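So the structure is just underneath, and the comments pick up after that.
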Amino acid sequence: MPVTTLARYRDWPEERMVARILEIKAQLGDELTILGHHYQRDESIQFADYRGDSLGLSEQAAQTDARHILFCGVYFMAETAAVLAKSGQVVVQPVPEALCPMARMATGAEAQGAYELLSGVWGDSIVPITYQNSTADVKAFVGRHGGAVCTSSNARQLFEWAFRQGEHILFLPDEHLGTNTALDMGIPREQLGVWNPIKPVRPEYLANARVVVWQGFCSVHTRFTVEDVRAARERYPGCIVVVHPECRREVVVEADQYGSTTGIIRVVEQAPAGATIVVGTEYHLVQRLNAEFPDKMVVPLAVSVCNTMAMTRLPHVLLALESIVAGEPINVVSVDAETAHWARMALKRMLEAS
Ligand code: 13P
Ligand code: SF4
């Protein structure tokens with residue numbers, strides 16, 4: 001009988017669910033890999049064979065030979081794993097409704113429209129780069145036009161790669177990662193344009209720009225302010241402030257360091273015992289770091305939760321695993337062959353360049 005309902009676990013204590021998950025994991029052995037993003041709740045990430053940032057998770061997804069990949073994260077991450085999957089591999093996302101709102105701020109058709117308008121002023125020297133936090137459709141658009149994917153840990157490398165291929169970058173969908181990367185490479189503000197997909201500027205106004213960034217954003221990270229950083233420094237004198245590059249430029253400038261989730265973890269690891277590290281990223285990761293490093297104090301710059309990352313709970317993980325072990329996987333992530341081909345091209349360029 002197909003496994004379809006969470007209601008069956010209503011009366012199960014947590015320990016029973018944990019025990020059953022571990023039993024299924026042992027039964028499936030090498031047939032199963034569980035991947036989990038750092039923003040997941042402890043209750044789901046505790047089962048991950050590999051936990052990581054978007055780049056590390058893509059690398060793992062590309063390498064594993066397991067027949068089943070259970071992806072605890074948001075949809076674009078599981079979709080990326082599906083694009084990179086080998087023939088016969090099945091990617092399952094425990095909660096398919098867990099979407100990244102920023103990834104939905106650009107569609108392939110909108111990106112194509114912007115590309116055509118910008119080609120009118122820039123000719124054929126545009127290299128599109130998309131943040132991993134985008135749909136397969138947008139990744140495919142990028143792949144078709146000779147561009148690549150990047151993540152928060154290799155954006156600069158990919159911008160440098162793009163400038164070896166052409167003279168202009170169209171970056172989507174995160175305005176802030178694009179702006180932080182371009183400015184840190186020394187590109188002057190005057191050569192940085194912003195593309196509002198709802199109300200595009202006349203492309204001729206962007207004739208002098210070298211980089212145009214899509215006006216998308218992550219509300220989990222744009223909620224951090226300069227005032228938050230100043231208040232933290234007053235409250236914790238001598239603290240280290242580290243933020244994610246999806247934060248606004250002024251917050252990144254005010255912080256001591258910025259980096260991907262893995263980069264943030266490294267900062268905490270390398271801080272001396274007794275240090276206070278103020279972290280501007282998703283709250284579940286900050287909380288976990290504070291628990292994992294009892295000799296340091298890890299505090300949030302402000303409490304900011306990614307609600308969709310938080311959707312994956314213990315019963316969802318169990319239900320998905322039961323469906324796999326029953327031979328009728330639910331919530332299988334799939335991408336049509338044409339989209340997958342071009343999206344894979346864009347992802348492979350990233351994996352080769354980084
Ligand atoms: P990382 O690649 O840094 O883990 O970022 C993913 C993400 O969604 C940040 O909001
Ligand atoms: Fe998307 Fe922001 Fe959540 Fe990351 S934290 S998954 S960018 S909404």
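Every number for a ligand or one of its atoms is a count from 1 in the order of the listing. Treat the numbers as computed from the prediction; the structure is a model and nothing was measured.
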Report the part of [X] in contact with ligand 1, treating N, CA, C, O as backbone and CB onward as side chain, heavy atoms under 4.0 Å; options are side chain, backbone, both, neither.
X: Q132; result: neither
X: E282; result: neither
X: H38; result: neither
X: T151; result: neither

>> So for N133, does at least one of its heavy atoms come nearer than 4.0 angstrom to any atom of ligand 2?
In response: yes

Test your reading of the model: is there a side-chain donor-acceptor pair from [X] to the backbone of [Y], 3.5 Å cut-off?
X: S125; Y: W122; answer: yes
X: K296; Y: V268; answer: yes
X: H145; Y: G147; answer: no
X: Q89; Y: A66; answer: yes
X: R288; Y: Q40; answer: yes

> Any idea how H221 and F224 line up, ring-wise: parallel (<30°), tilted (30 to 60°), or perpendicular (>60°)?
Replying inline: perpendicular

>> I need the L32 CG to T64 OG1 distance, nearest 0.5 Å.
In response: 9.0 Å

> Say you draw a straight line from CZ of F171 to CZ of F159; how long is it, rounded to the nearest 0.5 Å?
Replying inline: 5.0 Å

> Quick check: does S260 get an N/O under 3.5 Å from an N/O on ligand 1?
Replying inline: no

So which protein heavy atom does [atom] come closest to, and at what separation?
atom: atom 1 (Fe) of ligand 2; value: C100 SG, 2.4 Å
atom: atom 2 (Fe) of ligand 2; value: C218 SG, 2.3 Å
atom: atom 2 (O) of ligand 1; value: S54 N, 3.0 Å

> Is there an N/O/S atom in C306 that lies less than 2.8 Å from atom 2 (Fe) of ligand 2?
Replying inline: no

> What atoms of ligand 1 come closer than 4.0 angstrom to any heavy atom of H244?
Replying inline: 1 (P), 3 (O), 5 (O), 9 (C)

> Which of the atoms of ligand 1 are close to E246, meaning less than 4.0 Å from one of its heavy atoms?
Replying inline: 7 (C), 9 (C), 10 (O)

> Does R210 count as lying over the ring of F163, i.e. NZ or CZ under 6.0 Å from the six-ring centre, within 45 degrees of the axis?
Replying inline: yes

>> Please list, in number order, the atoms of ligand 2 under 4.0 Å from a heavy atom of P101.
In response: 8 (S)

>> Under a 4.0 angstrom heavy-atom cut-off, which atoms of ligand 2 come close to M102?
In response: 7 (S)

> Given side chains that start at C-beta, do those of Y131 and L172 come closer than 4.5 Å, heavy atoms only?
Replying inline: no

> So R233 and E254, salt bridge (charged side-chain N to carboxylate O under 4.0 Å, His left out) or not? Walk me through it.
Replying inline: CA-CA 10 Å; R233 291 204 196 280; E254 198 74 16; 5.4 Å; no

> How does E246 reach ligand 2, if at all, at less than 4.0 Å between non-hydrogen atoms: by side chain, backbone, both, or neither?
Replying inline: side chain

> Is M309 near ligand 1, meaning one of its heavy atoms is under 4.0 Å from it?
Replying inline: no

> Is N133 near ligand 1, meaning one of its heavy atoms is under 4.0 Å from it?
Replying inline: yes

